[in-house]
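Quick notes on the structure that follows.
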Amino acid sequence: QVQLVESGGGLVQTGGSLRLSCVASGRTWGSYAMGWFRQPPGKEHDVVAAISWSGGSTYYADSVKGRFTISRDNAKNTVYLQMNSLKLEDTAVYYCAATKGSGVYSKAISYEHWGQGTQVTVPS
């Protein structure tokens, strides 16, 4: 079993930056691919970014390409989401997720373990 805890959310002005962190506990951390998803108010979960267990492969949603960066530090059991040039439409609860596998997974259904979420708000 893997437990995931996100942090780093908050209120940030348009154009600002935040870095989200997701710390994992449990066994065999290094064999888990990771993803960041977000759920805006009243909408479905959408993928934001994903990373392979080695960190060598990544995936980004079109809406965040060039602004967000996913990375991981397996020695610290942590995955990060650096978010720059934030926009109103980035407002959402952000979740990290983990799944066993060697690939990069962009579908929520692929993930077995989820964190509790952290709120990111970019006010209008």
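Minimum interatomic distance between Gly117 and Glu6 (heavy atoms only, all atoms of both residues): N-OE1, 2.9 Å. Annotation for Leu4 and Ala24: closest pair CD2-CB, 3.6 Å, computed over non-hydrogen atoms. The minimum heavy-atom distance between Ala33 and Gly103, with the atom names listed, is CB-O, 3.6 Å. When all heavy atoms of Tyr60 and Ile70 are compared, the closest pair comes out as OH-N, 2.9 Å. The shortest non-hydrogen separation linking Lys100 to Tyr32 is CE-OH, 3.3 Å. When all heavy atoms are compared, the tightest approach of Pro123 to Leu11 is CD-CD1, 3.6 Å.
Gln119 and Thr121 form a side-chain donor-acceptor contact under 3.5 Å, judged by distance and modelled atom types alone.
The hydrophobic cluster around Phe37 extends to Val47, Tyr59, Val93, Tyr95, Val104, Tyr105, Tyr111, Trp114, counting ILVMFWY residues whose side-chain heavy atoms fall within less than 4.5 Å of a member.
A 4.5 Å side-chain heavy-atom check between Val23 and Lys76 finds every atom pair outside the cut-off.
Contacts classified as disulfide bond (SG atoms under 2.5 Å apart) and involving residues 40-111 (residues at least two apart or in different chains) are given here: Cys22-Cys96. Sorted by first and then second residue, the disulfide bond (SG atoms under 2.5 Å apart) pairs with a member in residues 52-90 form an empty list; sequence neighbours excluded. Within the structure, side-chain hydrogen bond (donor to acceptor under 3.5 Å, both in side chains) contacts touching residues 39-52 (residues at least two apart or in different chains) are Ser52-Ser54. Listed by first and then second residue, the disulfide bond (SG atoms under 2.5 Å apart) pairs that reach into residues 52-87 come to none, sequence neighbours excluded.
For Ile109, the side-chain contact (heavy atoms from CB on, under 4.5 Å) partners two or more places apart in sequence, or in a different chain, are Lys107. For the side chain to side chain donor-acceptor pair (under 3.5 Å) test, no residue two or more places apart in sequence or in another chain qualifies with Ser21. Under the rule for a side chain to side chain donor-acceptor pair (under 3.5 Å), Ser57 has no partner lying at least two apart in sequence or in another chain. In this structure Asn84 satisfies the side chain to side chain donor-acceptor pair (under 3.5 Å) test together with Ser17, Gln82, sequence neighbours excluded. Taking Thr14 as the reference, Val122 meet the side-chain contact (heavy atoms from CB on, under 4.5 Å) condition, with sequence neighbours excluded.
Tyr80 and Val120 fall into different hydrophobic clusters, where Ile, Leu, Val, Met, Phe, Trp and Tyr are joined by side-chain heavy atoms under 4.5 Å apart, directly or via other members.
Atom CG of Leu18 and atom CE of Met83 lie 4.5 Å apart (nearest 0.5 Å). The line from CD of Gln3 to CG of Asn77 is 11.5 Å long, rounded to the nearest 0.5 Å. For the atom pair CH2 (Trp53) and OG1 (Thr99), the distance works out to 14.5 Å, reported to the nearest 0.5 Å. Atoms CG and CH2, on Leu81 and Trp36 in that order, are 6.0 Å from each other to the nearest 0.5 Å.
For the pair Thr78 (side chain) and Asp73 (backbone), a donor-acceptor distance under 3.5 Å is absent.
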Show me the donor-acceptor pairs, under 3.5 Å and distance only, between side chains in residues 62-69 and residues at least two apart or in other chains.
from: Asp62; atom 1: OD1; to: Lys65; atom 2: NZ; distance (Å): 3.1
from: Ser63; atom 1: OG; to: Arg38; atom 2: NH2; distance (Å): 3.4
from: Arg67; atom 1: NH1; to: Ser85; atom 2: O; distance (Å): 2.9
from: Arg67; atom 1: NH1; to: Asp90; atom 2: OD2; distance (Å): 2.7
from: Arg67; atom 1: NH2; to: Ser63; atom 2: O; distance (Å): 2.9
from: Arg67; atom 1: NH2; to: Asp90; atom 2: OD1; distance (Å): 3.0
from: Arg67; atom 1: NH2; to: Asp90; atom 2: OD2; distance (Å): 3.4

